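Report on one structure; see the data block that follows.
Model, not experiment: these values are computed from the prediction. What's counted below: heavy atoms across the whole structure, side chains too, no hydrogens, waters or symmetry copies. Along the sequence shown, the residues carry numbers beginning at 1.
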Amino acid sequence: QGADSTAIVEVLEELSDYVVDERVLDKTKIGREVGALQKHGDPEVSSRARALVAQWKKDRETRLKVANSFVAKAKLDIKDARRLEEGLFNAACPLGFLEGDGFKAYHQHFIRISTHLKTQGPGCLVER
């Protein structure tokens, strides 16, 4: 079990480097597998699995908050707001990491886009 646990921990560490969105979780069922590892007999495996699930939830909440903000500020429907957020995420975090410099860029561009979305009238970003 020791070698298996070591391999599982390595995979969990690798997974922790990526933002895994809902589509990936749905298509791959990786969320269920990692969720099940929270009850693993090895404390290190279960601890890493819990931390990974918590990180995925935090990333999901951050991205959802941004999309909902676009809905509120620009009266976009949620589908368009999620598409806008996804474009923002892909541009600011090309490696899929929502932390460090990527998160700073994500946040800066979110503020910039939000400012433009608040502007109303002819030629505004929402009308384009």
Side-chain angles (χ1 to χ4, degrees):
Q1 186 180 359
D4 288 342
S5 292
T6 301
I8 293 170
V9 167
E10 288 175 7
V11 170
L12 292 172
E13 286 176 0
E14 183 73 23
L15 284 171
S16 71
D17 288 338
Y18 299 96
V19 173
V20 179
D21 64 16
E22 291 177 67
R23 284 184 292 170
V24 172
L25 291 172
D26 286 342
K27 286 185 179 191
T28 64
K29 306 296 185 211
I30 190 77
R32 289 182 189 198
E33 296 296 326
V34 173
L37 289 173
Q38 294 179 93
K39 297 176 183 175
H40 194 275
D42 184 322
E44 187 175 4
V45 170
S46 60
S47 174
R48 298 281 178 140
R50 277 193 299 278
L52 184 55
V53 168
Q55 183 63 45
W56 284 346
K57 284 182 180 180
K58 180 182 169 220
D59 292 342
R60 180 183 176 275
E61 289 170 8
T62 298
R63 295 185 68 189
L64 207 63
K65 192 177 193 181
V66 167
N68 288 335
S69 178
F70 290 154
V71 168
K73 289 181 172 115
K75 309 293 187 260
L76 297 174
D77 64 42
I78 191 66
K79 186 176 180 181
D80 289 337
R82 283 183 180 233
R83 246 191 316 230
L84 180 58
E85 185 284 328
E86 187 172 343
L88 168 61
F89 176 78
N90 291 335
C93 308
L95 299 177
F97 304 128
L98 192 55
E99 58 187 30
D101 290 338
F103 180 76
K104 287 178 189 174
Y106 179 83
H107 188 258
Q108 289 171 339
H109 290 300
F110 163 69
I111 291 171
R112 184 179 58 79
I113 291 170
S114 293
T115 301
H116 289 293
L117 290 174
K118 287 181 194 175
T119 305
Q120 301 295 317
C124 72
L125 185 60
V126 175
E127 288 184 2
R128 292 184 208 172

Query raised in the report: Passes side chain to side chain contact (heavy atoms under 4.5 Å, CB included), L88 versus L84? Steps please.
Result: CA-CA 6 Å; L88 168 61; L84 180 58; 5.9 Å; no
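Around NZ of K29, the count of heavy atoms belonging to other residues, nucleotides or ligands within 6.0 Å exceeds 12. Around atom CD of E13, more than 12 heavy atoms belonging to other residues, nucleotides or ligands sit under 6.0 Å away.
With D59 as reference, Q55 is the one residue of Q55, R63, K57 to meet the side-chain hydrogen bond (donor to acceptor under 3.5 Å, both in side chains) rule.
Within the model, atoms CD1 of I78 and CZ of R83 stand 11.5 Å from one another, a figure rounded to the nearest 0.5 Å. From K58, atom NZ reaches atom CG of L98 across 7.5 Å, with rounding to the nearest 0.5 Å. Distance check: H116 NE2 to I111 CD1 gives 12.0 Å after rounding to the nearest 0.5 Å. Atom-to-atom distance recorded for L37:CG and I30:CD1 is 8.5 Å, nearest 0.5 angstrom.
Proximity of S69 to E85: side-chain heavy atoms (C-beta onward) are nowhere separated by under 4.5 Å. L25 is not listed as a side-chain neighbour of R60, based on a closest heavy-atom distance of 4.5 Å or more.
Between the side chain of S47 and the backbone N or O of E44, no donor-acceptor pair lies under 3.5 Å.
If you chain together hydrophobic residues whose side chains sit under 4.5 Å apart, V11 and V20 fall into the same group. Following chains of ILVMFWY side-chain contacts shorter than 4.5 Å, one can reach L52 starting from V24, so the two form part of one hydrophobic cluster. Linking Ile, Leu, Val, Met, Phe, Trp and Tyr whenever their side-chain heavy atoms come within less than 4.5 Å puts V53 and V45 in one cluster. Hydrophobic clustering (ILVMFWY, side-chain heavy atoms < 4.5 Å, transitive): V34 and V9 are in one cluster.
Salt bridge status for R23 with D21: present, with a side-chain N to carboxylate O gap under 4.0 Å. Of the charged side-chain nitrogens involved, none lies within less than 4.0 Å of a carboxylate oxygen, so that E61 and K65 do not count as a salt-bridged pair.
When every heavy atom of S5 is checked against every heavy atom of H40, the shortest pair comes out as OG-CE1, 3.6 Å. What you find for V71 and A81 is that their closest heavy atoms are CG2-CB, 3.5 Å. Nearest heavy-atom pair across A49 and L12 is N-CD1, 3.9 Å. Nearest heavy-atom pair across A105 and A92 is C-CB, 3.9 Å.
Within the structure, every pair that satisfies the ring-ring contact (aromatic ring centres under 6.0 Å, His included) test and touches residues 58-90, not counting sequence neighbours, is listed here: F70-F110.
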